[in-house]
2 protein chains.
Amino acid sequence: MAQLRPDDGRLLRGQKSRARILKAARSLFAERGFDDATLRAIAKRAGMGASSIYRHVQSKEELLMDQLADLQEEAWQRFREQDEREAPTQERVRAFLDVQHELLVENEDLTLIALRSMTRPGARVAKQVLSLNDRTVGLLMEILQMGRMQRRLAKKADVLEAARVIFHITQGVRISWANGLMTADACRDAIDTGVDMLFEGLTA
Amino acid sequence: MAQLRPDDGRLLRGQKSRARILKAARSLFAERGFDDATLRAIAKRAGMGASSIYRHVQSKEELLMDQLADLQEEAWQRFREQDEREAPTQERVRAFLDVQHELLVENEDLTLIALRSMTRPGARVAKQVLSLNDRTVGLLMEILQMGRMQRRLAKKADVLEAARVIFHITQGVRISWANGLMTADACRDAIDTGVDMLFEGLTA
DNA sequence: CCATAAACGCGAACAGCTTCGCATAGTTTC
DNA sequence: GAAACTATGCGAAGCTGTTCGCGTTTATGG
């Protein structure tokens with residue numbers, strides 16, 4: 001059989017099921033947290049058996065990654081709404097990171113499970129997260145690139161690597177936050193400090 | 001009963017068992033990787049039942065953390081052997097990171113599982129990893145602090161935050177490496193690039 | 001010697017995610 | 001309309017890390 005039409009009844013049913021699953025997962029994750037939200041409970045709330053979930057998803061973690069994608073989209077949108085393209089690069093970077101921070105602080109699991117997922121090389125969910133991260137890095141790179149063209153950054157600055165460094169800083173600091181070593185505010189400050197340091201350099 | 005003597009027969013037996021467990025775990029992790037090394041298989045090789053392992057360890061991941069501690073100790077020692085305290089700060093940092101890199105490259109699981117462990121706040125293994133990381137950050141800070149006293153670094157440089165940033169860079173890059181996105185050499189280069197950027201700053 | 005206690009060891013059982021084999025519903029081909 | 005094929009759904013089973021209750025070894029105190 002050739003490939004099926006996009007309005008195929010089976011696909012439509014599947015899409016509805018998938019939507020129910022994701023919705024159920026979101027609410028349960030919010031109520032109990034990722035680790036305490038049983039797949040069976042999610043399935044029950046979605047009105048189906050636990051094993052059926054695997055028709056739509058390859059692992060429990062993928063249920064969260066769906067949210068991460070949304071959150072990231074939201075971060076970009078909020079940033080773009082208030083972004084001033086002529087503002088100093090450092091300020092624009094900080095503005096983006098602040099927006100992102102604000103959203104992530106409300107979803108503690110997200111940061112954590114995304115990181116956890118990346119520790120399973122080969123799994124699909126790992127690729128998904130890496131891909132999402134790449135998009136964030138891409139946006140940061142865009143900002144940096146503009147700064148470089150305006151000659152606000154050093155000529156030889158490698159914007160891609162710089163964007164990655166900034167991203168790594170945010171991730172690393174958030175691990176400390178998630179482990180209760182610092183408050184959300186301290187987390188934001190640490191990120192800002194780190195980024196400032198990167199811009200200004202350590203050397204005397 | 002008061003506390004028992006250090007040469008108590010029960011403790012001695014336990015220490016031998018613990019040693020056997022760790023040895024078995026190391027060999028199996030090396031052969032199959034962490035996720036494919038079953039606790040039952042480890043126990044079998046150690047000559048005991050799977051549940052007995054939990055007399056000595058609180059989770060499977062702790063079996064790896066033992067190795068991480070050793071590896072870190074080894075990295076410090078190797079670094080100290082060849083360290084020249086009067087060398088430029090940036091070179092000393094790079095020398096340490098290179099040593100560490102060389103060791104970690106041989107143990108792919110280590111970075112990954114350490115990171116995974118940190119995504120379980122509250123678990124003992126998470127605290128262990130955080131504590132080990134703190135020691136690494138401490139060493140980096142030591143190097144930076146000396147650079148600052150020699151007025152090679154900016155006066156206002158926050159050495160602790162700087163050390164943390166460097167550490168985050170290494171961790172972030174290694175995730176990419178472990179996911180097959182870059183070779184071990186590219187990983188080392190990326191770390192070096194990132195650190196250089198931090199020293200020299202992005203701003204024109 | 002006997003009671004008590006502590007560390008250890010074990011097999012069974014538990015709980016979670018995931019896989020499997022089979023049944024069902026929807027679609028196309030003839 | 002029958003056959004073939006596909007996406008979906010389901011309950012049972014599998015695998016794994018971990019916990020539990022009980023027995024064993026080793027040491028101490030009376």
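In the text below, chain A, chain B and the rest are named by the order of the sequence lines, each starting its count at 1. Quick caveat: nothing in here was measured; it's all calculated off a predicted structure.
Between the side chain of A:Arg10 and the base of D:dT6 there is at least one donor-acceptor pair of N/O atoms closer than 3.5 Å.
The distance from atom CG of B:Asp36 to atom P of D:dT16 is 9 Å, rounded to the nearest whole Å. Atom P of nucleotide C:dT27 and atom CG of A:Leu11 are separated by 9 Å, given to the nearest angstrom. Distance, B:Arg55 CZ to C:dG9 C1': 7 Å, rounded to whole Å. We find that OH of B:Tyr54 is positioned 7 Å from P of D:dG17, with the value rounded to whole Å. Remark: P of D:dA7 and CG of A:Asp7 are 15 Å apart, rounded to the nearest angstrom. Taking atom NZ of B:Lys16 as the reference point, atom P of C:dA7 lies 18 Å away to the nearest angstrom. Separating the CE atom of A:Met48 from the C1' atom of D:dT8 is a distance of 8 Å, rounded to the nearest angstrom. Going from atom NZ of B:Lys44 over to atom P of C:dC10 covers 14 Å, rounded to whole Å.
Note that the CG atom of A:Leu112 and the CD1 atom of A:Ile175 stand 8.0 Å from one another [nearest 0.5 Å].
The salt bridge (Lys or Arg N to Asp or Glu O under 4.0 Å) analysis of residues 34-43 of chain B, with sequence neighbours excluded, yields the pairs B:Asp35-B:Arg116.
Residue A:Ser17 has its side chain nearest to D:dG9 when only C:dT18, D:dG9, D:dT18 are considered.
For the OP1/OP2 pair of D:dC10 and a distance below 4.0 Å, the side-chain nitrogens and oxygens of A:Ser52 include at least one atom meeting the criterion. Taking 4.0 angstrom as the limit, B:His56 places none of its side-chain polar atoms (N or O) nearer than this to OP1 or OP2 of C:dA7.
Between B:Phe79 and B:Phe96, the ring planes are perpendicular. Angles over 60° get that label, and only those under 30° would be called parallel.
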What pairs of nitrogen or oxygen atoms, one from the protein and one from nucleotides 12-16 of chain C, lie under 3.5 Å apart?
none

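Between B:Glu102 and B:Val99 there is no side-chain heavy-atom pair separated by less than 4.5 Å. The shortest side-chain heavy-atom distance between A:His168 and B:Val165 does not fall under the 4.5 Å cut-off.
Using a 4.0 Å cut-off between a side-chain N of Lys or Arg and a carboxylate O of Asp or Glu, A:Asp70 and A:Arg26 qualify as a salt bridge.
Each of A:Arg92, A:Arg148, A:Arg80 was evaluated against A:Glu142; a single residue qualifies, A:Arg80, per the salt bridge (charged side-chain N to carboxylate O under 4.0 Å, His left out) test.
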